[in-house]
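Scope of the values below: all heavy atoms of this structure, side chains included, with no hydrogens, waters or symmetry mates.
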Amino acid sequence: MVKNLQIYSKNKSINKANLHKLISFLINNLDFKIDSLYINFISGNSILEVNREFLHHDYSTDVLTFNYSRPSRLRLAEAGSTKSLDAEILISIEDAETNSAKYGVSFNEEILRLVIHGILHLLGYNDINSEEKLEMKRIEDKLFIQYKNFLLKNR
């Protein structure tokens, strides 16, 4: 279990143990540590409300991240020290279900992809323009494949 990681979900199909393994894998691969990380699985309506209130976007989304890390810790990371996260990831269960059907992947695979995507955002990756989106997607896909292979080896 990863210290300082809390996962909240009313949905019984969310495999919390597997998410702890994923975060541990990402910590090792992306060189960061966790001061505090909350991953909350919420309804599509709830994520829409948060998106409206905090980001002023009037649409639902699959994942939102809130980085509460102190700027001084982020500057240390730029100087070569390990980045320390104090953050929250919100994931819409309904959007994850829609995405899994749309992209022809399992619900659990989509959840893993969304958590990886959220962590990448917290580490400074963006998907605002097409160039950034392409780079972020490349890293996300690589990590997803590496993690699936890691799981297969460690069964």
Side-chain angles (χ1 to χ4, degrees), residues 1-69 82-128 132-155:
M1 296 301 242
V2 177
K3 188 176 176 187
N4 302 325
L5 170 64
Q6 295 188 32
I7 300 169
Y8 296 101
S9 177
K10 293 180 182 177
N11 186 312
K12 300 289 184 211
S13 61
I14 300 296
N15 185 331
K16 294 178 184 180
N18 201 20
L19 291 177
H20 273 269
K21 289 177 191 173
L22 172 64
I23 297 299
S24 180
F25 173 83
L26 293 173
I27 286 169
N28 290 329
N29 278 271
L30 298 172
D31 192 30
F32 67 94
K33 68 179 190 170
I34 295 174
D35 283 340
S36 176
L37 177 61
Y38 295 88
I39 302 176
N40 298 295
F41 293 90
I42 61 177
S43 71
N45 286 336
S46 294
I47 209 163
L48 173 60
E49 299 263 330
V50 173
N51 210 11
R52 282 180 181 154
E53 183 177 345
F54 293 98
L55 301 175
H56 310 292
H57 298 156
D58 194 20
Y59 52 84
S60 186
T61 188
D62 49 10
V63 61
L64 288 174
T65 59
F66 293 91
N67 196 340
Y68 310 123
S69 302
T82 300
K83 184 178 241 183
S84 185
L85 293 181
D86 178 11
E88 184 173 8
I89 298 173
L90 304 177
I91 295 175
S92 164
I93 294 289
E94 287 88 352
D95 287 283
E97 288 170 344
T98 300
N99 288 351
S100 68
K102 180 179 176 180
Y103 299 115
V105 297
S106 74
F107 175 74
N108 287 325
E109 287 175 322
E110 182 61 14
I111 292 298
L112 294 175
R113 186 190 70 76
L114 291 172
V115 171
I116 292 168
H117 189 86
I119 293 292
L120 289 174
H121 271 306
L122 293 172
L123 294 175
Y125 292 92
N126 287 308
D127 53 5
I128 296 169
E132 290 175 332
K133 189 179 279 188
L134 188 62
E135 174 67 7
M136 188 171 180
K137 181 68 174 148
R138 184 187 65 74
I139 295 167
E140 182 181 304
D141 289 345
K142 178 182 173 190
L143 288 167
F144 180 78
I145 290 166
Q146 286 177 333
Y147 179 67
K148 283 179 69 172
N149 291 335
F150 167 80
L151 276 184
L152 291 173
K153 280 189 234 175
N154 292 302
R155 284 192 173 176

Gap between atom [atom2] of [Y] and atom [atom1] of [X] - 0.5 Å precision:
| X | Y | atom1 | atom2 | answer |
| --- | --- | --- | --- | --- |
| S60 | R52 | OG | CZ | 9.5 Å |
| I39 | S9 | CD1 | OG | 11.0 Å |
| E140 | L120 | CD | CG | 6.5 Å |
| D95 | L114 | CG | CG | 8.5 Å |
| N51 | H57 | CG | NE2 | 6.0 Å |
| K33 | L85 | NZ | CG | 10.5 Å |

Applying salt bridge (charged side-chain N to carboxylate O under 4.0 Å, His left out), can you list everything that pairs with D62, at least two apart in sequence or on another chain?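 If we apply the salt bridge (charged side-chain N to carboxylate O under 4.0 Å, His left out) test to D62, skipping adjacent residues, the hits are R113.
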Any side-chain heavy atom of [X] within less than 4.5 Å of one from [Y]?
| X | Y | answer |
| --- | --- | --- |
| N126 | M136 | no |
| I89 | I119 | yes |
| F25 | Q146 | yes |
| L143 | L26 | yes |
| L48 | T61 | no |
| T65 | E88 | no |
| F32 | L37 | no |
| F144 | E109 | yes |

Under the side-chain contact (heavy atoms from CB on, under 4.5 Å) rule, what do F107 and E97 come out as? Steps first, then yes or no, please. CA-CA 6 Å; F107 175 74; E97 288 170 344; 3.6 Å; yes
Would you say that more than 12 heavy atoms from the other residues, nucleotides or ligands in this model lie under 6.0 Å from the NZ of K137, or not?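 Buried by this count: over 12 neighbours within 6.0 Å.
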Take L22 and N18 through the test side-chain contact (heavy atoms from CB on, under 4.5 Å) and record every step on the way to the result. CA-CA 6 Å; L22 172 64; N18 201 20; 5.8 Å; no
Return the orientation label for the F54 and F66 ring planes: parallel under 30°, perpendicular over 60°, tilted otherwise.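 Perpendicular.
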Do the ring planes of H117 and H121 sit parallel (below 30°), tilted (30 to 60°) or perpendicular (above 60°)?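 Geometry flag for H121 against H117: perpendicular rings.
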What is the minimum heavy-atom distance between [X] and [Y], and which atoms define it?
| X | Y | result |
| --- | --- | --- |
| S69 | S84 | OG-O, 3.3 Å |
| S43 | S92 | C-OG, 4.1 Å |
| L123 | K83 | O-NZ, 3.0 Å |

Check the pair F41, I14 against side-chain contact (heavy atoms from CB on, under 4.5 Å), reporting the backbone distance first and the verdict last. CA-CA 9 Å; F41 293 90; I14 300 296; 3.7 Å; yes
Return yes if some donor-acceptor pair links the side-chain N/O of D86 with the main-chain N/O of D35 below 3.5 Å, else return no.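 Judged by distance alone, no pair lies under 3.5 Å.
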Check whether T98 reaches the backbone of E94 with its side chain - one donor and one acceptor, N or O, closer than 3.5 Å.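 Flag set: sc T98 to bb E94 pair under 3.5 Å.
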Of the options I91, L90, I93, V63, which is the one that meets I47 in a side chain to side chain contact (heavy atoms under 4.5 Å, CB included)?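 The side chain to side chain contact (heavy atoms under 4.5 Å, CB included) with I47 is passed solely by L90 among I91, L90, I93, V63.
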So among I27, L19, I23, which one has a side chain to side chain contact (heavy atoms under 4.5 Å, CB included) with L5?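 It is I23, the one option of I27, L19, I23 that forms the side chain to side chain contact (heavy atoms under 4.5 Å, CB included) with L5.
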Is it true that the side chains of S13 and N11 contain a donor and an acceptor less than 3.5 Å apart?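 The criterion, which ignores hydrogens and geometry beyond distance, is satisfied for N11 and S13.
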side-chain contact (heavy atoms from CB on, under 4.5 Å) evaluation trace for E132 with D127: CA-CA 5 Å; E132 290 175 332; D127 53 5; 5.6 Å; no
